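The structure under discussion appears below in the form of structure tokens.
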Amino acid sequence: MRIYVSKDYEEMSKKAANIVAAQIYLRPNSVIGLATGSTPLLMYQELVRLHKEEGLDFSEVVTFNLDEYIGLPERDVNSYHYYMHNQFFNHINIRRDNIHIPNGMASNIDKECVDYERLIMVQGGIDLQVLGIGKNGHIGFNEPDVKFETATHRVKLDEETINANARFFQCIEQVPQYAISMGIKTIMHAKKVLLLANGSAKAEAVFKSVYGGITPETPASILQLHQDVTMVLDEGGAQMLGRSLANYNIDNALNRLQAQA
Ligand code: GLP
């Protein structure tokens, strides 16, 4: 795992955009997995700038988004379809039929999940998967659980995630309770993973993902087993990484002993 700590959100976003751009320069027909949320917004802006000012060419790039809410039509401003077109796809020269986002309005969600997974395979798998991270350590919409979910699947969102995402909606009741998400297996099969996290609210999730035990209670911790992960953080996101691994393990062991007592 490589970890870059940038001084702020802007620097983090440029670094992330450069990593994505390098992937495309090296392999113009790359399959890129994309994330939504507030974290990658500036990365997308920088990629748009690289396209417009420096000729970064998306004409052969294929994309797969991580997730989508169930029940929001594409034109809904809170759907990830809307987000991706508005923030990114409308401003670059990607071919529309190379864009893939799970269809949260599908009449048969289980079939949609199976088809989505198959489509990724048909394209030869994901070359570079961009991830954000939830405060609870979720990646995509893989929420903390007792098991690692496998392929693309339907998820019930955690209360914490619904609360966190309520800021984009008029009221919390409007936040969908269910989503389609690539699974942990889908993400782990990506050849490279690029995880972004900024702000101190993410520091604990980042810390547990890097130094904690590998557990489905912190879904991102599974990335410790991936052979090619790059984390790009700002100082806020990285602020707990200064503690030593030994200290963290001792704390963990103490907590476990106390819980057993
Ligand atoms: C959302 C998305 C994730 C995203 C995460 C963090 O719920 N499903 O893909 O990475 O939560 O979001 P944000 O970047 O807004 O903090």
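For clarity, every value in this text was computed on a predicted model and none was experimentally measured. Whatever order the structure lists ligands and atoms in, that order sets their numbers, starting from 1.
Looking at atom 4 (C) of ligand 1, its nearest protein heavy atom turns out to be Thr36 O, 4.1 Å. For atom 12 (O) of ligand 1, the closest non-hydrogen atom on the protein side is Gly37 CA, 4.1 Å. Annotation: atom 16 (O) of ligand 1 to nearest protein heavy atom, Lys202 NZ, 2.7 Å. Nearest non-hydrogen protein atom to atom 6 (C) of ligand 1 is Ile133 O, 3.5 Å. For atom 5 (C) of ligand 1, the closest non-hydrogen atom on the protein side is His138 NE2, 3.4 Å.
The shell of residues lying under 4.0 angstrom from ligand 1, judged by heavy atoms, includes Gly140. Within the 4.0 Å heavy-atom cutoff, Arg167 counts among the residues contacting ligand 1.
Counting heavy atoms closer than 4.0 Å to ligand 1, residue Tyr80 contributes side-chain atoms (C-beta onward) but none from N, CA, C or O. Looking at Lys135 against ligand 1, nothing comes within 4.0 Å, counting heavy atoms. Here Ala35 has no heavy atoms under 4.0 Å from ligand 1, in either its backbone or its side chain. Looking at Ile139 against ligand 1, nothing comes within 4.0 Å, counting heavy atoms.
Here Tyr44 and Phe89 keep their ring centres 6.0 angstrom or further from each other.
Taking a cutoff of 4.0 Å between a charged side-chain nitrogen and a carboxylate oxygen, Arg49 and Glu54 qualify as a salt bridge. Salt-bridge annotation for Lys192 and Asp127: absent, with no side-chain N of the basic residue lying under 4.0 Å from a carboxylate O of the acidic one. Ion pair Glu11/Lys14 not flagged as a salt bridge, since none of the NZ, NE, NH1 or NH2 atoms sits closer than 4.0 Å to an Asp/Glu carboxylate oxygen.
For Thr161, no nitrogen or oxygen atom sits less than 3.5 Å from a nitrogen or oxygen atom of ligand 1, counting backbone and side chain alike.
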Listing, residues 161-171 side-chain donor-acceptor contacts under 3.5 Å, not counting sequence neighbours, or none:
unit_1, atom_1, unit_2, atom_2, d
Thr161, OG1, His138, ND1, 3.2
Thr161, OG1, Glu143, OE1, 3.0
Thr161, OG1, Glu143, OE2, 2.6
Asn163, ND2, Glu159, O, 3.3
Asn165, ND2, Tyr69, OH, 3.0
Arg167, NH1, Ala164, O, 2.5
Arg167, NH2, Ser38, OG, 3.0
Gln170, OE1, Gln174, NE2, 3.4

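Relative to the six-membered ring of Tyr82, Arg75 misses at least one condition, a distance below 6.0 Å or an angle of at most 45° to the axis.
Applying the 4.0 Å criterion to heavy atoms of Thr39 picks out, from ligand 1, the atoms 13 (P), 14 (O), 16 (O). Close approach of ligand 1 to Asp67 (heavy-atom distance below 4.0 Å) involves ligand atoms 2 (C), 8 (N), 9 (O). The atoms of ligand 1 that sit less than 4.0 Å from any heavy atom of Phe141 are 7 (O), 8 (N). Residue-ligand proximity, Gly132 to ligand 1, at heavy-atom distances under 4.0 Å covers atoms 10 (O).
Leu66 and Ala35 make their closest contact through CD1-CB, 3.7 Å (heavy atoms, listed as atom of the first residue, atom of the second, distance). Across all their heavy atoms, Gln123 and His100 have their closest contact at NE2-CE1, 4.5 Å.
Looking at Leu194 and Gln129, their side chains never come closer than 4.5 Å, going by heavy atoms from C-beta outward. Residues Ile184 and Ile139 form a side-chain contact, since some pair of their non-hydrogen atoms from C-beta on lies under 4.5 Å apart.
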